[in-house]
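A short worksheet on the structure shown next.
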Amino acid sequence: MPSLPPPVPSYIFRGHASQINTLAFLPSSSDLITGDADGFVVIWSLTTRRPRAVWRAHKEGLLKVEGWPGEEGKGKVVTHGRDNTIHVWEVPPAPARISASLFLPATSRESSMRISEDDGRDGEAKEPPAQPLSTILPVDGLDLPRPQPWKVCTLHINALNFCQFAALPVPFPTSPSVNHDKDQPQPQLMIATPAVKDSDGIDINILPTCTRLHTNILPTLPLPSGENEKPGMVMAVALLDPTTLLAGYESGYTVVMKLTPNGTWETIYASKAHSQPVLSLGVHPSRGWFVTTAADAIIAVHPLGGDRRAPVVWDTGHSGLQALDIRDDGEIFATGGWDGKIRVWRWRPQEPSSKKTEQAKQLAVLKWHKESIYAVAFGRDGQGRNWVAAGSKDGKVSLWEVY
C-alpha cells in the first residue's frame with residue numbers, strides 16, 4: 001500500500017517581524033491571537049485569514065496572550081510581557097476594528113504610540129479611546145502609529161523567569177436584589193506568576209483590582225538532612241482551583257500545593273521526572289492528571305486528586321519540548337519542539353491493576369517550520385472545524401486542521 005503524503009498546513013499567517021512567543025484561540029469567537037518578541041499583538045480572523053487588530057501591547061517581548069475565559073470575559077484580552085507587566089485590554093467587536101487608523105489626526109497618532117504609564121501603580125485605567133484599531137502588520141513597519149485598545153488594568157509582576165502566567169476565573173454569586181447595571185461586581189481573574197520577592201516563589205493576584213492574595217508561595221522538598229531542597233526558578237504554573245496550585249521548576253521538579261485552612265500552602269505531591277528545566281505544563285479537562293514537558297526529551301503524566309502513583313514517564317527521543325497544549329475534549333495533546341515539529345499525541349490512563357505499559361501514542365508529526373516551535377494551541381472555528389496552530393522562531397504561524 002502506498003504511504004500517505006505528509007500533512008500540510010491549511011494556512012500560514014505571515015506578518016510578524018520577529019519570533020512568535022505565544023498564541024491562543026480566543027474563546028467564543030473565530031479569532032486567533034498571536035504575540036511576538038517585539039511586543040506586538042495581532043488578532044487574526046480565521047474566516048478571512050486577515051488581521052482584525054494590531055497593536056504594541058508591551059515595550060518588550062510577549063510571554064503570553066490569552067482571552068479572558070468564559071462568556072463574561074468576552075472582548076477582554078490578557079497580555080503578559082517581558083517588561084514585567086500584565087495588561088487587560090477591552091477589544092472592540094469586529095466591525096469597530098476595520099480601519100488601519102493611518103489617517104487619524106496627528107495628536108491622536110502621537111497619543112496612540114505611547115504605551116500608557118500609571119506612575120507605577122497597579123489598577124484600573126482610563127476610559128476606552130474612540131479611535132478604531134489598526135490592521136497594519138508589524139512587518140510593514142514597527143514604528144508606524146497604531147492605537148491601543150482600552151487598557152482595563154495593569155499588574156506589575158516579575159518576568160525574569162520567562163514563566164507564563166496561569167489564569168483561573170473567579171465566579172461571583174448572583175442575587176436578585178443586586179442592580180446588575182451598577183452593583184454587580186466585575187468578573188474577576190485569579191493570576192499566578194513568579195513572585196516579585198523571589199523567583200523561586202509564586203504570587204497570586206486578582207484582576208482587574210490587582211489585589212494580592214498570596215505572596216511568595218514556596219514548595220516543601222525535604223532532604224534526608226532535614227533541610228529543604230531549593231527547586232530553582234519557577235518555569236511553569238497552573239491553577240487547578242482557588243486552593244490548588246501546580247508548578248514546574250528549573251531543577252526538573254513538578255509539585256502540587258494545596259492551601260490549608262490556616263492560610264499556608266502544603267506540598268501534597270512532588271516529582272523530579274525531568275533532568276532539565278520544565279518548560280510547559282497542561283492540565284487535562286478531567287482534572288485527573290496533568291502533563292509536563294521540559295528541555296529534555298521526557299513527557300511526564302502526573303496524577304491529580306487522591307491518586308499518589310508515580311508519574312508515567314516516557315522518552316520521546318526529541319529534546320527541547322518547548323510548547324504544550326491539551327485539547328478541550330481531552331482526547332489529544334500537542335507538543336512543539338526545538339526541532340521545528342509539532343507532534344500530536346493520545347494518552348489514556350490505565351487502571352491501577354493493569355499490567356500494560358502506559359505510553360502515549362504519537363498520532364501525527366506536523367512539519368513545516370524550519371526553526372523552533374515556541375507556542376502551540378488547539379481551537380475550533382464557527383464551522384466546528386478543529387485546528388492546531390503553532391508559532392515559530394521564524395515569525396510565522398502555521399494553522400493545521402486536525403481530527
Side-chain angles (χ1 to χ4, degrees), residues 21-22 63-64 66 80 157-168 190-195 198-204 214 216-221 228-241 244-259 265-284 287-305 307-316 318-326 333-338 345 347 360 373-377:
N21 288 342
T22 176
L63 289 175
K64 186 171 183 178
E66 183 176 300
H80 181 188
I157 46 87
N158 169 21
L160 175 66
N161 304 29
F162 291 88
C163 173
Q164 299 178 338
F165 72 81
L168 180 73
M190 187 177 289
I191 292 282
T193 60
D198 184 352
S199 291
D200 293 2
I202 298 169
D203 289 344
I204 298 179
H214 305 281
N216 201 31
I217 303 165
L218 291 162
T220 302
L221 303 170
N228 192 43
E229 184 174 356
K230 292 186 176 296
M233 291 195 300
V234 181
M235 302 298 291
V237 291
L239 285 162
L240 190 66
D241 57 53
T244 310
L245 176 64
L246 287 60
Y249 293 89
E250 183 183 21
S251 62
Y253 264 108
T254 302
V255 305
V256 179
M257 292 177 281
K258 191 76 174 175
L259 182 63
W265 288 85
E266 177 188 1
T267 302
I268 61 172
Y269 170 85
S271 169
K272 196 171 185 180
H274 299 282
S275 60
Q276 298 291 324
V278 175
L279 298 178
S280 290
L281 188 157
V283 179
H284 190 264
R287 299 296 193 261
W289 47 276
F290 67 101
V291 181
T292 55
T293 62
D296 56 23
I298 298 296
I299 294 178
V301 178
H302 307 264
L304 279 172
D307 194 337
R308 291 294 180 267
R309 283 184 290 174
V312 177
V313 175
W314 67 93
D315 190 334
T316 66
H318 309 286
S319 60
L321 299 174
Q322 175 79 38
L324 167 71
D325 194 33
I326 302 175
F333 66 94
T335 58
W338 294 344
W345 308 84
W347 184 84
I373 302 293
Y374 291 151
V376 294

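Computed over heavy atoms, backbone and side chain alike; hydrogens, waters and symmetry mates excluded.
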Who are the side-chain hydrogen bond (donor to acceptor under 3.5 Å, both in side chains) partners of Tyr253, not counting sequence neighbours? Glu229
Nearest atoms (heavy-atom pairs only) where Leu324 meets Gly282: CD2-N, 3.4 Å
Is there a donor-acceptor contact under 3.5 Å linking the side chains of Thr220 and Asn228? no
Residues forming a side-chain contact (heavy atoms from CB on, under 4.5 Å) with Ala323, sequence neighbours excluded: Val376
Residues that His284 engages under side-chain contact (heavy atoms from CB on, under 4.5 Å), provided they are two or more places apart: Ser286, Trp289, Ile326
Just verifying a value: how many Å separate Phe162 CZ and Glu250 CD, rounded to the nearest 0.5 Å? 12.0 Å
More than 12 non-hydrogen atoms from neighbouring residues, nucleotides or ligands closer than 6.0 Å to NZ on Lys258, yes or no? yes
Out of Thr292, Leu321, Thr316, Asp315, which one pairs with Ile298 under the side-chain contact (heavy atoms from CB on, under 4.5 Å) rule? Asp315
Please evaluate residues Cys163 and Met235 with respect to the criterion side-chain contact (heavy atoms from CB on, under 4.5 Å), reporting the C-alpha separation (whole Å), side-chain torsions for both, the decisive distance (0.1 Å), and the verdict. CA-CA 5 Å; Cys163 173; Met235 302 298 291; 5.5 Å; no
Closest heavy-atom contact between Ala192 and Val237? O-CG2, 3.7 Å
Gln322 meets the side-chain hydrogen bond (donor to acceptor under 3.5 Å, both in side chains) criterion, sequence neighbours left out, with Trp338
What one should report as the nearest heavy-atom pair of Leu281 and Gly248 is CD1-N, 4.1 Å
Hey, can you tell me if Trp314 and Trp347 have their rings parallel, tilted or perpendicular (30° and 60° cut-offs)? parallel
Report the residues that fulfil side-chain hydrogen bond (donor to acceptor under 3.5 Å, both in side chains) with Gln276, sequence neighbours left out, ordered by chain and then residue number. none
For Ala300 against His274, the heavy-atom pair lying closest together: CB-NE2, 3.9 Å
Assess whether side-chain contact (heavy atoms from CB on, under 4.5 Å) is satisfied between Thr335 and Ile299, documenting all intermediate values. CA-CA 9 Å; Thr335 58; Ile299 294 178; 4.2 Å; yes
Results of salt bridge (Lys or Arg N to Asp or Glu O under 4.0 Å) for Asp296 - residues two or more places apart only: none
What pairs with His80 under ring-ring contact (aromatic ring centres under 6.0 Å, His included), at least two apart in sequence or on another chain? Phe165
Rounded to the nearest 0.5 angstrom, the CE-CG distance for Met233 and Asn161 is 5.0 Å
Non-neighbouring partners of Ile217 that pass side-chain contact (heavy atoms from CB on, under 4.5 Å), sequence neighbours left out: Ile202, Ile204, His214, Leu245, Met257, Trp265
Can you name the residues that form a side-chain contact (heavy atoms from CB on, under 4.5 Å) with Leu218, not counting sequence neighbours? Asp198, Asp200, Asn216
Working for side-chain contact (heavy atoms from CB on, under 4.5 Å), residues Leu246 and Leu304: CA-CA 10 Å; Leu246 287 60; Leu304 279 172; 4.3 Å; yes
Considering residues at least two apart in sequence or located in another chain, which fulfil the ring-ring contact (aromatic ring centres under 6.0 Å, His included) criterion with Tyr374? none
What I want to check is whether the side chains of Asp203 and Thr193 have a donor and an acceptor closer together than 3.5 Å. no
Asn21 (side chain) donor-acceptor with Leu63 (main chain) under 3.5 angstrom: no
Minimum heavy-atom distance between Asn158 and Ser199, given as atom pair plus value: ND2-OG, 3.1 Å
Answer yes or no: is there a side-chain heavy-atom contact under 4.5 Å between Thr244 and Leu239? no
Can you list everything that forms a side-chain hydrogen bond (donor to acceptor under 3.5 Å, both in side chains) with Thr254? Sequence neighbours excluded, please. none
Kindly give the heavy-atom pair with the smallest separation between Tyr249 and Pro231, and that separation in Å. CB-O, 3.2 Å
Could you walk me through whether Ile268 and Val255 pass the side-chain contact (heavy atoms from CB on, under 4.5 Å) check? CA-CA 8 Å; Ile268 61 172; Val255 305; over 6 Å; no
